[in-house]
Amino acid sequence: MKWLLFFVLVSVLAVGSYFDLRFRRIPNWLTYPALLLSILKIDRFSIFVLLLGIVLAILFHSQIGAGDLKMAAVIAIYSHILGYSQYWIMYAFISGGIFALISRKRTLPFAPFMASGALISIGFGNLINLA
């Protein structure tokens, strides 16, 4: 089961990053099935993340894309289920912030930074577990 969830997570990261870079949108057909699949292992954390995503979508609808929020919910829930660190969001904000300062753009597609943060978090989590 964990291999399936890991494959779904990596697929969502790759396809979501592609669509965000190319079209500046993350399609619902990508994020909704991933969120529905996570219901198989639902717990309090998953419910909290989904509720937080809804609240953030309402409060910051003009600053944050809805696709980014749904993709962030997928990453948070799957990272929790698979036992990876939740530091992915910190890595995403740091890398996205550095890129924004260097490029001086007002808006940028955030999915690639979330994906890189998740992959860094997964890599560091595996290194820590090996030690």
Side-chain angles (χ1 to χ4, degrees):
M1 181 69 166
K2 283 196 172 196
W3 285 104
L4 172 67
L5 295 176
F6 180 76
F7 177 75
V8 170
L9 175 62
V10 171
S11 299
V12 169
L13 294 176
V15 176
S17 294
Y18 169 77
F19 272 93
D20 204 18
L21 284 170
R22 182 90 196 266
F23 304 108
R24 302 294 287 246
R25 292 190 85 237
I26 301 171
N28 290 334
W29 58 260
L30 178 67
T31 53
Y32 285 148
L35 287 171
L36 285 174
L37 185 61
S38 71
I39 289 177
L40 297 174
K41 292 268 195 170
I42 198 149
D43 60 357
R44 280 186 257 153
F45 179 81
S46 302
I47 294 170
F48 170 74
V49 168
L50 292 174
L51 291 176
L52 181 64
I54 292 168
V55 169
L56 290 175
I58 293 169
L59 293 177
F60 299 107
H61 63 87
S62 62
Q63 288 88 13
I64 302 172
D68 290 328
L69 287 172
K70 288 179 274 191
M71 188 165 161
V74 168
I75 297 170
I77 292 170
Y78 278 66
S79 295
H80 174 71
I81 291 171
L82 295 170
Y84 298 128
S85 166
Q86 291 296 325
Y87 287 125
W88 66 270
I89 192 69
M90 178 184 67
Y91 302 135
F93 281 135
I94 290 171
S95 61
I98 290 170
F99 182 81
L101 287 173
I102 292 170
S103 69
R104 299 199 181 257
K105 292 183 178 182
R106 291 189 53 93
T107 64
L108 60 122
F110 198 60
F113 299 106
M114 289 191 292
S116 66
L119 294 175
I120 290 169
S121 181
I122 289 169
F124 281 151
N126 288 338
L127 288 176
I128 292 170
N129 289 336
L130 292 175

Centre-to-centre under 6.0 Å for Tyr87 and Phe93, is that the case here?
no
Could you report the tightest heavy-atom contact between Ile75 and Ala118, atom names first, then the distance?
CG2-CB, 3.8 Å
Does atom CH2 of Trp29 have more than 12 heavy-atom neighbours from other groups under 6.0 Å away?
yes
Short side-chain to backbone donor-acceptor contact, Tyr78 and Val8, under 3.5 Å
no
For the side chain of Ser121 and the backbone of Ser85, is there at least one donor-acceptor N/O pair under 3.5 Å apart?
yes
Taking only residues two or more places apart in sequence or in another chain, which ones pass ring-ring contact (aromatic ring centres under 6.0 Å, His included) with Phe23?
Phe19
Going through the distances and angles, do Ile122 and Leu9 end up as a side-chain contact (heavy atoms from CB on, under 4.5 Å)?
CA-CA 11 Å; Ile122 289 169; Leu9 175 62; 4.1 Å; yes
Tightest non-hydrogen contact, residues Ser17 and Ala111, listed as OG-O, 3.5 Å
With rounding to the nearest 0.5 angstrom, report the CG to CG distance, Leu108 to Leu21.
10.0 Å
Any chance you could measure Trp3, atom CH2, to Leu82, atom CG, to the nearest 0.5 Å?
10.0 Å
In terms of hydrophobic clusters joined by side-chain contacts under 4.5 Å, are Ile54 and Leu35 together?
no
Quick one: NZ on Lys70 to CG on Asn28, what's the gap to the nearest 0.5 Å?
3.5 Å
Any heavy-atom pair between the side chains of Val12 and Ile26 that's under 4.5 Å?
no
Closest non-hydrogen atom pair, Ser38 against Ile77:
CB-CG2, 3.6 Å
Should Asp20 and Pro112 count as side-chain neighbours, where that means a heavy-atom distance under 4.5 Å?
yes
Contacts of type side chain to side chain donor-acceptor pair (under 3.5 Å), residue Ser46, not counting sequence neighbours:
Asp43
Same cluster or not: Leu36 versus Val74, using hydrophobic residues (I, L, V, M, F, W, Y) connected whenever any side-chain heavy atoms lie under 4.5 Å apart?
no
Please answer: with hydrophobic residues joined when any side-chain heavy atoms are less than 4.5 Å apart, are Ile58 and Phe48 in the same cluster?
no
Calculate, to the nearest 0.5 Å, the distance between atoms CE and CG belonging to Met71 and Leu30 respectively.
7.5 Å
Nearest-0.5 Å distance, CD1 of residue Ile42 to CG of residue Leu50
6.0 Å
Sorted by chain and number, sequence neighbours left out, ring-ring contact (aromatic ring centres under 6.0 Å, His included) with Phe45 holds for His80
Leu5 side chain near Leu40 side chain, heavy-atom distance below 4.5 Å
no
Give me the ring orientation class for Phe110 and Phe113: parallel if the planes are under 30° apart, tilted from 30 to 60°, perpendicular past 60°.
tilted
Do Phe99 and Met114 share a hydrophobic cluster (ILVMFWY, side-chain heavy atoms under 4.5 Å, transitive)?
yes
Hey, quick one: are Phe60 and Leu52 part of the same hydrophobic cluster, counting side-chain heavy atoms closer than 4.5 Å, chains of contacts allowed?
yes
How many angstroms lie between CG in Leu51 and CG in Leu56, if you round to the nearest 0.5 Å?
11.0 Å
